[in-house]
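Note: hydrogens, waters and symmetry copies are ignored here, and every other heavy atom, side chains too, is used. All residue numbers refer to positions in the sequence shown, counting from 1.
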Amino acid sequence: MSTIQHAFKPLVLRGKQLLPIVQGGMGVGVSAHRLAGAVAALGGVGTIASVDLRRMHPDLEEATARCRDKAAIEAANLTALDREIAAARELAKGMGVVAVNVMRAVSQYAELVRQACRSGADAIVMGAGLPLDLPDLTADHPDIALIPILSDARGVSVVLKRWMKKNRLPDAIVLEHPGWAGGHLGAPNVAGTADQRFDFEKVVPECLEAIRGLGLASEQIPLIPAGGIDTHDKVRRMMALGSSAVQVGTAFAVTAEGDAADEFKQVLMGARAEDIVEFTSCAGLPARAVATPWLSNYLKREEKLQSAAAREDGGERQCTLKWDCLLQCGLRDKLAKFGQFCIDNQLAHAVKGDIAKGLFFRGKGTLPFGTEMRSVRELVEYLLADRRPLAV
């Protein structure tokens, strides 16, 4: 167990007792091996975001920078994921859990899940779509923990019923509030992110009841709220509702161990409430980010770009870069209600700190240490034990 002392019960995954804190998966490359390994080394759940990790490896990025061979690009991403898992496990030194986040919306999701299993990840976390086939994809690796990301009791019931037919239960469920989380959000549209049906005070009890309604003990499946949990008091409130842990994203992204460039962290730390905006991504999902120059300029042109897409004739579409990273892409497929931009390119600019070109996903709300960059340990000690670090 971790040396961090706190008053909460441990999170138990596959018989392993852990700190009741999960670091959210953030791509491209915002949560890679350094951040995930640091969280796991303390005894928590550290999460590698699997999307386009070749960007984090100079040799792989150079080899595929001008590549138009989709197979070569996907192979590079699998190699990168293998490297990241090995490096995170080395940092963790047997402590905690090294998880891999795989978005159901990406075209390579099935092979990313299989690679994570082959490379020795302890858990798979899946959101951005219902992970109904996750038990099938991991059937040859029965010891890996499976953790879907959902937003309401209805989604939880659908997943549980489908998985129970496959004789598998989730090892935990992340309940992500689309009104507070960053990045892609689990609501039908931007307006729906503020729906009160997603509030944790409503969702956690409803999910516990849904679990019991299927003949399961509520403690069999730990519930992990995510989104806007930025103080020790909020952690205590989540635990009092019946949660087993909390997931935190943005606050981990800006720690000293976060894998993104310092310029990326400064953008997130410096964002005011009015700087954080919601929009529709090219994956067709609501999203939340900082209104930096690229995003502000895009949003001014969004209606015109979507109108142009609506006028395009049908027929087979092709990604101009040959990546085809998403199952559905507003830009590639000319889907007028979706975003009309290349999300992979914009996120890759952001992780390297390019303020002019990057898309900087961020959750709503404050950060525990404001504009100060602190360590993973200091963040975890504050959230779990209410211990504030010494002033710098």
(request) Take Leu134 and Val113 through the side chain to side chain contact (heavy atoms under 4.5 Å, CB included) test and state the conclusion after the steps. (result) CA-CA 8 Å; Leu134 189 53; Val113 168; 3.9 Å; yes
(request) Quick one: pull up SG in Cys207 and CD1 in Ile173 and give me the separation to the nearest 0.5 Å. (result) 6.5 Å
(request) Without swapping roles, check the side chain of Lys234 against the backbone of Gly228 for a donor-acceptor pair under 3.5 Å. (result) yes
(message) I'd like to know if Arg288 pairs up with Glu278 as an ion pair, taking the criterion as any Lys NZ or Arg NE/NH1/NH2 lying under 4.0 Å from an Asp or Glu carboxylate oxygen.
(response) yes
(request) Mind telling me whether Phe341 and Phe279 have parallel, tilted or perpendicular rings, with 30° and 60° as the class edges? (result) tilted
(request) Please tell me if the side chains of Leu132 and Val158 come closer than 4.5 Å, counting only heavy atoms from C-beta onward. (result) yes
(message) For Gly127 versus Ile149, what's the shortest heavy-atom pair and its separation?
(response) CA-CB, 3.8 Å
(request) Evaluate the side chain to side chain contact (heavy atoms under 4.5 Å, CB included) criterion for residues Gln17 and Val12: first the C-alpha distance (whole Å), next the side-chain angles of each, then the deciding distance (0.1 Å), finally the verdict. (result) CA-CA 5 Å; Gln17 294 193 342; Val12 181; 4.2 Å; yes
(request) Rounded to the nearest 0.5 Å, what's the gap from CD on Glu372 to OG1 on Thr255? Could you check? (result) 14.0 Å
(request) May I ask you to test the Met373-Gln266 pair for a side-chain heavy-atom distance under 4.5 Å? (result) yes
(message) Evaluate Glu302 against Tyr298 for side chain to side chain donor-acceptor pair (under 3.5 Å), listing each step before the verdict.
(response) CA-CA 6 Å; Glu302 181 181 53; Tyr298 164 75; 3.3 Å; yes
(message) Strictly distance-based, threshold 3.5 Å: is any side-chain N or O of Lys16 a donor or acceptor partner for the main-chain N or O of Gly96?
(response) yes
(message) Could you measure the distance from the CD atom of Gln346 to the CG atom of Asp354? Nearest 0.5 Å is fine.
(response) 9.5 Å
(message) So which atom in Leu53 and which in Gly29 form the shortest heavy-atom distance, rounded to 0.1 Å?
(response) CD2-CA, 4.5 Å
(request) For the pair Asn77 (side chain) and Arg54 (backbone), establish whether a donor and an acceptor sit closer than 3.5 Å, ignoring hydrogens and angles. (result) yes
(message) Distance check, rounded to the nearest 0.5 Å: His177 atom NE2 versus Asp152 atom CG?
(response) 11.0 Å
(request) Give the minimum heavy-atom separation between Arg34 and Ala256, together with the two atoms involved. (result) NH2-O, 4.0 Å
(request) I would like to know whether Arg162 and Asp133 meet salt bridge (Lys or Arg N to Asp or Glu O under 4.0 Å); could you show each step before the answer? (result) CA-CA 9 Å; Arg162 190 70 64 89; Asp133 56 350; over 6 Å; no
(request) Measure the shortest side-chain to side-chain distance between Val190 and Thr280 over non-hydrogen atoms and say whether it is less than 4.5 angstrom. (result) yes
(message) For a salt bridge (Lys or Arg N to Asp or Glu O under 4.0 Å) check, start with the C-alpha distance between Glu219 and Lys9, then their side-chain angles and the critical distance, and finish with the verdict.
(response) CA-CA 12 Å; Glu219 62 270 16; Lys9 293 181 180 179; over 6 Å; no
(request) Indicate yes or no for a side-chain donor-acceptor contact from Glu257 to the backbone of Val376 under 3.5 Å, with no hydrogens or angles considered. (result) yes
(message) If you count heavy atoms of other groups shown closer than 6.0 angstrom to CZ of Arg301, is the number above 12?
(response) no
(message) Restricting to non-hydrogen atoms, name the atom on Pro178 and the atom on Phe198 that form the minimum distance, rounded to 0.1 Å.
(response) CG-CD1, 3.4 Å
(message) I need the minimum non-hydrogen distance between Lys352 and Arg55, along with the two atoms involved.
(response) CE-O, 4.1 Å
(message) Counting only heavy atoms from other residues, nucleotides and ligands, does the tally under 6.0 Å from NZ of Lys166 exceed 12?
(response) yes
(message) Just so I know, are the side chains of Ile21 and Val246 near enough to count as touching, which here means a heavy-atom distance under 4.5 Å?
(response) yes
(message) Check this for me, if you would: do Asp195 and Arg197 make a salt bridge, where the nitrogen-to-carboxylate-oxygen distance has to be below 4.0 angstrom?
(response) yes
(request) Count the heavy atoms belonging to other residues, nucleotides or ligands that lie under 6.0 Å from CD of Glu303, then report whether that count exceeds 12. (result) no
(request) Group every Ile, Leu, Val, Met, Phe, Trp and Tyr by side-chain heavy-atom contacts under 4.5 Å, then state whether Leu185 and Val290 land in the same group. (result) no
(message) As a test of understanding, state which of Thr292, Val351, Val28, Leu347 forms a side-chain contact (heavy atoms from CB on, under 4.5 Å) with Leu359.
(response) Leu347
(message) In the structure I gave you, are the side-chain heavy atoms of Gln115 and Gln108 within less than 4.5 Å of one another anywhere?
(response) no
(request) Decide yes or no on salt bridge (Lys or Arg N to Asp or Glu O under 4.0 Å) for Lys202 and Asp199, but give the supporting numbers first. (result) CA-CA 5 Å; Lys202 180 178 178 61; Asp199 289 350; over 6 Å; no
(message) Would Lys357 pass as a cation-pi partner of Trp294, given that its NZ or CZ must be under 6.0 Å from the six-membered ring centre and within 45 degrees of the axis?
(response) no
(message) Using a 3.5 Å distance criterion without hydrogens, assess whether the side chain of Glu209 forms a donor-acceptor pair with backbone atoms of Val204.
(response) no
(request) Keeping the roles fixed (side chain from Asp171, backbone from Ile147), state whether a donor-acceptor pair exists under 3.5 Å. (result) no
(message) Using a 3.5 Å distance criterion without hydrogens, assess whether the side chain of Arg362 forms a donor-acceptor pair with backbone atoms of Gly365.
(response) yes
(message) Has Arg89 got a side-chain atom pairing as donor or acceptor with Gly120's backbone, closer than 3.5 angstrom?
(response) yes
(request) Report the C-alpha separation of Val102 and Val125 in whole Å, then their side-chain angles, then the decisive distance to 0.1 Å, and conclude whether the side chain to side chain contact (heavy atoms under 4.5 Å, CB included) test is met. (result) CA-CA 6 Å; Val102 180; Val125 183; over 6 Å; no
(request) Find out if a path of hydrophobic residues (ILVMFWY) with successive side-chain heavy-atom gaps under 4.5 Å connects Leu19 to Val98. (result) yes
(message) Could you tell me if the side chain of His141 sits less than 4.5 Å from the side chain of Arg114, heavy atoms only?
(response) no
(request) In plain terms, say whether Asp122 and Arg14 are close enough for a salt bridge, that is, a side-chain N and a carboxylate O under 4.0 Å apart. (result) no
(message) Test your reading of the model: is there a side-chain donor-acceptor pair from Arg387 to the backbone of Glu381, 3.5 Å cut-off?
(response) no
(request) Flag the pair Glu111 and Arg118 as a salt bridge only when some basic side-chain nitrogen lies within less than 4.0 angstrom of an acidic carboxylate oxygen. (result) yes
(request) Check ring-ring contact (aromatic ring centres under 6.0 Å, His included) between His33 and all other residues, then give those that pass, not counting sequence neighbours. (result) none
(request) Say whether, by atom type as modelled, one donor and one acceptor occur between the side chain of His184 and the main chain of Ala287 under 3.5 angstrom. (result) no
(request) Measure the shortest side-chain to side-chain distance between Phe361 and Met26 over non-hydrogen atoms and say whether it is less than 4.5 angstrom. (result) no
(message) With rounding to the nearest 0.5 angstrom, report the CE to OG1 distance, Met269 to Thr366.
(response) 14.0 Å
(request) Report yes or no: do Thr47 and Asn101 form a side-chain donor-acceptor pair below 3.5 Å? (result) no
(message) Less than 4.5 Å apart, side chain to side chain, heavy atoms only: is that true for Leu223 and Val156?
(response) no
(request) Show your reasoning for whether side chain to side chain contact (heavy atoms under 4.5 Å, CB included) applies to Leu379 and Arg374. (result) CA-CA 7 Å; Leu379 175 60; Arg374 292 290 190 161; over 6 Å; no
(request) Answer yes if Phe252 and Trp180 sit in the same cluster of Ile, Leu, Val, Met, Phe, Trp and Tyr residues linked by side chain heavy atoms under 4.5 Å apart, and no otherwise. (result) no
(request) Please name the pair of heavy atoms, one in Pro148 and one in Pro170, separated by the smallest distance, quoted to 0.1 Å. (result) CD-CB, 3.7 Å
(request) Supply the atom-to-atom distance Asp143 CG to Thr138 OG1, rounded to the nearest 0.5 angstrom. (result) 10.5 Å
(message) Counting neighbours of CD on Glu62 that are heavy atoms of other residues, nucleotides or ligands and sit closer than 6.0 Å, is the number greater than 12?
(response) no
